[in-house]
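Below is one structure; the comments refer to it alone.
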Amino acid sequence: MADTSEKTNNMVPMRVLFLCTHNSSRSQMTEGLLRVRGGSQYQVFSAGMHPRAVHPLAVKAMAELGIDISEQAGHRAKGIEEFGDEPPMDLVVTVCDEAAEECPYFPRARRKAHWGFPDPSAATGTEEERLEVFCRVRDAIAARIETFLQRERAPV
């Protein structure tokens, strides 16, 4: 298990990768939230097992918090193969059950966790109703990020 207090003292950012099926909503929102709220203590990435484009309602939900996960801000859906030659990840987190089942092991991950969130892209209804679902999932992710940051920053 990575000793994050040592990493913080040496100013080496913790490398965190969020995995989801499509890297279009949950993993993108989680990446955006940890990047902003974790600051320079974290080097944050996201990827998908079967990547698609970043969902426009995920972009809209995050924009409500002042976080830009649009293509113009450099966000794009990525496959896990893009991380094959990267340095080891300190933490790999699956954010959907499908990714946890399909990728139970991530090579060179020092630690792995699963934070399951419902798929907001499965929501039906008007755009406003679907955006509400994205915002609920975003808020659940934000609460989980805050819990994570409190635990990681706690004295050992």
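Along the sequence shown, residues are numbered consecutively beginning with 1.
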Heavy atoms only: give me the nearest His55-Ser25 pair and the separation to one decimal. CB-OG, 3.4 Å

Name all residues meeting the side chain to side chain contact (heavy atoms under 4.5 Å, CB included) criterion together with Val92; count only those two or more places apart in sequence or in a different chain, and write none if there are none. Leu17, Leu19, Met89, Phe106, Ala109

On a heavy-atom basis, which atom in Ser40 and which in Pro13 lie closest, and how many Å separate them? O-CB, 3.5 Å

Does Glu129 use its side chain to pair, donor to acceptor, with the backbone of Thr126 at less than 3.5 Å? yes

Could you note down all residue pairs passing side-chain hydrogen bond (donor to acceptor under 3.5 Å, both in side chains) where residues 58-71 supplies at least one of them, sequence neighbours left out? Lys60-Glu127, Glu64-Arg138, Asp68-Ser70, Ser70-Gln72

Separation between CG of Leu149 and CD of Gln41, rounded to the nearest 0.5 Å: 8.0 Å

Measure the shortest side-chain to side-chain distance between Leu57 and Val133 over non-hydrogen atoms and say whether it is less than 4.5 angstrom. no

Validation row: Glu31, Ile69 side chains within 4.5 angstrom (heavy atoms): no

Listing request: all salt bridge (charged side-chain N to carboxylate O under 4.0 Å, His left out) pairs with a residue in residues 37-55, at least two apart in sequence or in separate chains. Arg37-Glu146

If you define the side chain from C-beta out and look only at heavy atoms, does anything of Val95 sit under 4.5 Å from Ile141? no

Arg144: partners by side chain to side chain contact (heavy atoms under 4.5 Å, CB included), with sequence neighbours left out: Trp115, Phe117, Thr147, Phe148, Arg151

With rounding to the nearest 0.5 angstrom, report the CZ to SG distance, Arg26 to Cys96. 4.5 Å

Contact check, side chains of Ile80 and Asn23, non-hydrogen atoms, under 4.5 Å: no

Residue list, side chain to side chain contact (heavy atoms under 4.5 Å, CB included) with Pro88, at least two apart or on another chain: Arg108, Arg110

Residues two or more places apart in sequence or in another chain: which of them pass salt bridge (charged side-chain N to carboxylate O under 4.0 Å, His left out) with Arg76? Glu82

Check Pro120 against Val137 and note the closest heavy-atom contact, atom names and distance. CB-CG2, 4.0 Å

Parallel, tilted or perpendicular: ring planes of Phe83 versus Phe45, cut at 30 and 60 degrees: perpendicular

For Gln28 and Ser46 the tightest heavy-atom approach is NE2-OG, 3.7 Å

So do the side chains of Met62 and His75 get within less than 4.5 Å of each other, counting heavy atoms only? no

Without hydrogens or angle criteria, can the side chains of Thr94 and His114 be said to hold a donor-acceptor pair below 3.5 Å? yes

Here the pair of heavy atoms bringing Ser24 nearest to Ala53 is CB-O, 3.1 Å

Is any side-chain heavy atom of Tyr42 closer than 4.5 Å to one of Glu152? yes

Does Asp90 reach the main-chain N or O of Val16 with its side chain, forming a donor-acceptor pair under 3.5 Å? no

For the CG atom of Leu131 and the CZ atom of Arg136, what is their distance to the nearest 0.5 Å? 10.5 Å

Non-hydrogen atoms of Ala61 and Phe134 that approach each other most closely: CB-CB, 4.1 Å

